[in-house]
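Contents: one structure, followed by commentary.
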Amino acid sequence: MATGATRGMVDVLVIFGPNLNMLGTREPEIYGADSMADIMRALSDQAADLDRRIEMMQSNEEGVLVTAIQKARGDAAAILFNLAAYTHTSVALRDALAMFDGPKVEVHLSNNDRREAFRQVSLTAAVSDGSIVGFGADSFRLGLDAAHRLLLRRDGAGAMRQIRGGDP
Ligand code: DQA
């Protein structure tokens with residue numbers, strides 16, 4: 001474990017919101033050809049390279065997502081999330097995220113700012129450290145890198161030493 005998580009915790013909880021289980025066949029001209037399983041596999045490999053423990057989950061249900069974020073308070077050091085359509089509608093998910101005090105990174109495959117007006121509003125961006133949008137499946141990869149860096153920054157020099165390895 002690089003840093004961030006104390007015993008029994010994961011470093012980063014990765015949350016996939018509604019309809020992201022359909023990636024690959026769902027409007028591929030907008031969301032790309034990668035399935036959610038492809039993205040999860042790539043994130044697992046990346047986490048191993050970064051020496052981070054991650055956990056990933058997907059739900060189409062708002063309440064399940066709220067409960068997952070509440071539970072992350074004791075279980076995860078950081079959250080990386082794509083709440084999909086709930087990004088634009090869910091005060092409940094925003095409130096759940098506001099209670100989580102570790103790093104929070106929002107990602108979207110598509111560039112919401114170039115799409116319909118309703119997608120240009122994110123209720124969750126203001127309670128996140130930052131957002132990465134518009135890079136397709138790479139948004140998740142960039143997002144995991146951002147969460148990793150935020151944990152390094154928060155945990156300071158001790159963490160950097162562990163990452164480099166070998167320092168006394
Ligand atoms: C999305 C953008 C949302 O507007 C949309 O509802 C999604 C996917 C994205 O990753 O581009 O389901 O979050």
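Both ligands and their constituent atoms are indexed starting at 1 by order of listing.
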Quiz prompt | Cluster overlap Phe100 with Val12, hydrophobic side-chain contacts below 4.5 Å | solution = no
Quiz item: Can you find an N/O atom of Val107 closer than 3.5 Å to an N/O atom of ligand 1?
Solution: no
Practice problem: Measure the distances from the heavy atoms of Arg26 to every atom of ligand 1 and state whether one is below 4.0 angstrom. | Solution: yes
Quiz item: Quick one: does His108 get an N or O within less than 3.5 Å of an N or O on ligand 1?
Solution: yes
Practice problem: Identify the protein heavy atom lying closest to atom 5 (C) of ligand 1, giving its residue, its atom name and the separation to 0.1 Å. | Solution: Arg119 NH1, 3.3 Å
Quiz item: In the protein, what heavy atom is nearest to atom 2 (C) of ligand 1, and what distance, to one decimal place, separates them?
Solution: Asn112 OD1, 3.4 Å
Quiz item: Would you find more than 12 non-hydrogen atoms of other residues, nucleotides or ligands less than 6.0 Å from Asp49 atom CG?
Solution: yes
Practice problem: Would you kindly confirm whether Leu150 and Leu97 end up in one hydrophobic cluster when ILVMFWY residues are joined by side chain heavy atoms under 4.5 Å apart? | Solution: no
Self-check item: Residue Met57 excluded, over 12 heavy atoms near CE under 6.0 Å
Solution: yes
Quiz item: What part of Asn82, side chain, backbone, both or neither, has a heavy atom within less than 4.0 angstrom of ligand 1?
Solution: side chain
Exercise. Measure from the side-chain N and O atoms of Lys104 to the backbone N and O of Ala78, and report whether any donor-acceptor pair falls under 3.5 Å.
Key: no
Quiz item: For atom 11 (O) of ligand 1, which protein heavy atom lies nearest, and how many Å away is it?
Solution: Ser110 OG, 2.6 Å
Quiz prompt | Protein residue, atom and distance nearest to atom 8 (C) of ligand 1, heavy-atom basis | solution = Tyr31 CE2, 3.5 Å
Quiz item: Just wondering, more than 12 heavy atoms not from Arg115 lying within 6.0 Å of its CZ?
Solution: yes
Exercise. Do me a favour and list the nearest non-hydrogen protein atom to atom 9 (C) of ligand 1 with residue, atom name and distance?
Key: Leu109 N, 3.4 Å
Quiz item: If you measure from each non-hydrogen atom of Met22 to ligand 1, which part falls under 4.0 Å: side chain, backbone, both or neither?
Solution: neither
Self-check item: atom 4 (O) of ligand 1: nearest protein contact (heavy atom, Å)
Solution: His88 NE2, 2.7 Å
Exercise. Would you please indicate yes or no on a ring centroid separation below 6.0 angstrom for Phe81 and Phe16?
Key: no
Quiz item: So, is Leu20 polar-close to ligand 1, with some N/O to N/O distance under 3.5 Å?
Solution: no
Quiz item: Can you check salt bridge (Lys or Arg N to Asp or Glu O under 4.0 Å) on Asp145 and Arg149, steps first, answer last?
Solution: CA-CA 6 Å; Asp145 200 47; Arg149 285 163 180 268; 3.0 Å; yes
Quiz item: Within the structure, does Asn19 bring an N/O atom to less than 3.5 angstrom of an N/O atom in ligand 1?
Solution: no
Quiz item: Does Glu106 use its side chain to pair, donor to acceptor, with the backbone of Asn82 at less than 3.5 Å?
Solution: no
